[in-house]
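Notes follow once the structure below has been shown.
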Amino acid sequence: MQSLMEYGTVADLLELDARDEKRNRMLLGAVTEAVCLYLDRNLILRTTTESLIPYEGINITPEEYPVRRIETIIEEGTGTLIDLAPHVKLRDISRPDAHRQYTLQLERPCAGRALITYQHGYEPQEMPQLIQATILEMMSDRII
């Protein structure tokens with residue numbers, strides 16, 4: 001699993017001993033897993049495909065967030081492409097409200113399920129400071 005923070009940054013901030021690098025990298029991986037499990041979402045930038053039932057036929061809430069880009073939305077029954085409503089814009093990652101889950105509105109009602117493929121998550125340098133602080137605290141608790 002890719003770490004939520006660069007190892008060099010963690011090592012510098014916590015003044016980790018280079019002789020224990022292998023152990024410390026393993027601990028950083030364990031902390032990354034623990035944070036992702038606790039938050040119940042994937043934080044590392046990746047692409048996901050989900051099958052969702054739109055609420056009221058037009059509202060979808062992707063499970064993973066922050067949503068960075070919508071690649072496709074397909075009505076499963078017909079195979080027809082659906083766009084987001086013209087007024088719906090994905091939130092810029094630099095906005096504080098981009099770091100929470102939110103509902104997206106489709107351009108038109110979808111009968112049945114919608115298959116959505118989208119990019120979500122963070123690059124390590126974009127990780128919210130609250131998550132970074134948690135990682136550092138958890139790492140320092142595990143370093144003997």
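These numbers were taken from a predicted model, which means no experiment stands behind them. The figures that follow rest on heavy atoms only: side chains count, while hydrogens, waters and symmetry mates do not.
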4.5 Å side-chain heavy-atom contact, Asn24 and Tyr7: yes
Gap separating the OG1 atom of Thr32 from the CG atom of Leu43, nearest 0.5 angstrom: 9.0 Å
Joint hydrophobic cluster, Leu90 plus Ile82, side-chain heavy atoms closer than 4.5 Å: yes
Tabulate below the donor-acceptor pairs under 3.5 Å that side-chain atoms of residues 51-61 make, not counting sequence neighbours, or state none.
| unit_1 | atom_1 | unit_2 | atom_2 | d |
| --- | --- | --- | --- | --- |
| Ser51 | OG | Glu76 | OE2 | 2.8 |
| Ser51 | OG | Arg113 | NE | 2.9 |
| Thr61 | OG1 | Thr103 | OG1 | 2.8 |

Stepwise side chain to side chain contact (heavy atoms under 4.5 Å, CB included) check, Ile73 with Leu115: CA-CA 6 Å; Ile73 304 172; Leu115 192 63; over 6 Å; no
Linked, directly or transitively: Met127 and Tyr38 (ILVMFWY side chains, under 4.5 Å): yes
Side chain to side chain contact (heavy atoms under 4.5 Å, CB included) between Arg41 and Glu63, worked out: CA-CA 8 Å; Arg41 63 187 174 114; Glu63 183 176 329; over 6 Å; no
Short N-O contact, Glu75 and Arg108, less than 4.0 angstrom: yes
Residues Arg23, Glu21: salt bridge by 4.0 Å N-O rule: no
Listed once per pair and sorted, the salt bridge (charged side-chain N to carboxylate O under 4.0 Å, His left out) pairs that draw on residues 118-134, sequence neighbours left out: Arg68-Glu126
Thr117 vs Thr48, side chain to side chain contact (heavy atoms under 4.5 Å, CB included): CA-CA, chis, key distance, verdict: CA-CA 6 Å; Thr117 300; Thr48 298; over 6 Å; no
Separation between CG of Asp141 and CG of Leu27, rounded to the nearest 0.5 Å: 11.0 Å
Minimum heavy-atom distance between Ala34 and Met138, given as atom pair plus value: CB-CE, 3.7 Å
Side-chain (Thr72) to main-chain (Ile74) donor-acceptor, under 3.5 angstrom: no
Whether Asn42 side chain and Ile44 backbone form a donor-acceptor pair below 3.5 Å: no
Expected output: side-chain Gln101 to main-chain Tyr65 donor-acceptor under 3.5 Å: no
Residue pair Leu45, His120: steps toward the side chain to side chain contact (heavy atoms under 4.5 Å, CB included) verdict: CA-CA 6 Å; Leu45 188 65; His120 59 89; over 6 Å; no
Any donor-acceptor N/O pair, Lys22 side chain to Arg19 backbone, under 3.5 Å: no
Pairs flagged by ring pair (Phe, Tyr, Trp, His ring centres under 6.0 Å) wherever residues 79-113 is involved - sequence neighbours left out: His99-Tyr122
Separation between CD1 of Ile116 and CG of Leu104, rounded to the nearest 0.5 Å: 6.0 Å
Exceeds 12 heavy-atom contacts within 6.0 angstrom, atom CG of Leu130: no
Straight-line distance of Met5 CE to Gln125 CD, nearest 0.5 Å: 11.5 Å
Separation of Asp83 CG from Ile70 CD1 (nearest 0.5 Å): 10.5 Å
Geometric cation-pi criterion Arg69 and Tyr118, 6.0 Å radius, 45° cone: no
Separation between CG of Leu16 and OG of Ser140, rounded to the nearest 0.5 Å: 9.5 Å
Ile93 reachable from Leu4 in the ILVMFWY side-chain graph, under 4.5 Å edges: yes
